[in-house]
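Report on the following structure.
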Amino acid sequence: MNPLVVSVSLVLLLGVALLIALRYTRLRLWHAAVSVAFGFCLGKSVATPEFQNVMSTLARVFKLLIG
């Protein structure tokens, strides 16, 4: 799978989740986690490659679970 497609899809998914969280609910711990994940996907840092590996692994596991 093309890494760019995963990155763009992940950024869009996290961005939508963040907008929904901020618009319709009070900020909670999981909202903060989505915000941090969104920031890591958009930012360039030393931790970004490892974070992307973790997110790719989670995406593969999720894909296996839903078929």
Side-chain angles (χ1 to χ4, degrees):
M1 182 178 285
N2 186 352
L4 180 60
V5 172
V6 172
S7 297
V8 171
S9 299
L10 183 60
V11 169
L12 289 175
L13 178 65
L14 291 171
V16 168
L18 181 60
L19 288 174
I20 290 170
L22 293 175
R23 177 138 173 101
Y24 296 109
T25 65
R26 291 184 179 189
L27 187 62
R28 295 188 179 133
L29 183 59
W30 77 270
H31 300 147
V34 169
S35 300
V36 169
F38 187 69
F40 268 111
C41 286
L42 291 177
K44 299 289 184 194
S45 71
V46 176
T48 301
E50 183 61 32
F51 183 78
Q52 288 176 340
N53 289 338
V54 169
M55 295 306 290
S56 294
T57 301
L58 290 174
R60 284 192 298 270
V61 168
F62 184 71
K63 185 176 179 180
L64 288 173
L65 289 175
I66 62 172

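- For the side-chain contact (heavy atoms from CB on, under 4.5 Å) test, residues two or more places apart in sequence or in another chain that qualify with I20 are V16, Y24.
- In this structure A17 satisfies the side-chain contact (heavy atoms from CB on, under 4.5 Å) test together with V34, sequence neighbours excluded.
- Taking L58 as the reference, V54, M55 meet the side-chain contact (heavy atoms from CB on, under 4.5 Å) condition, with sequence neighbours excluded.
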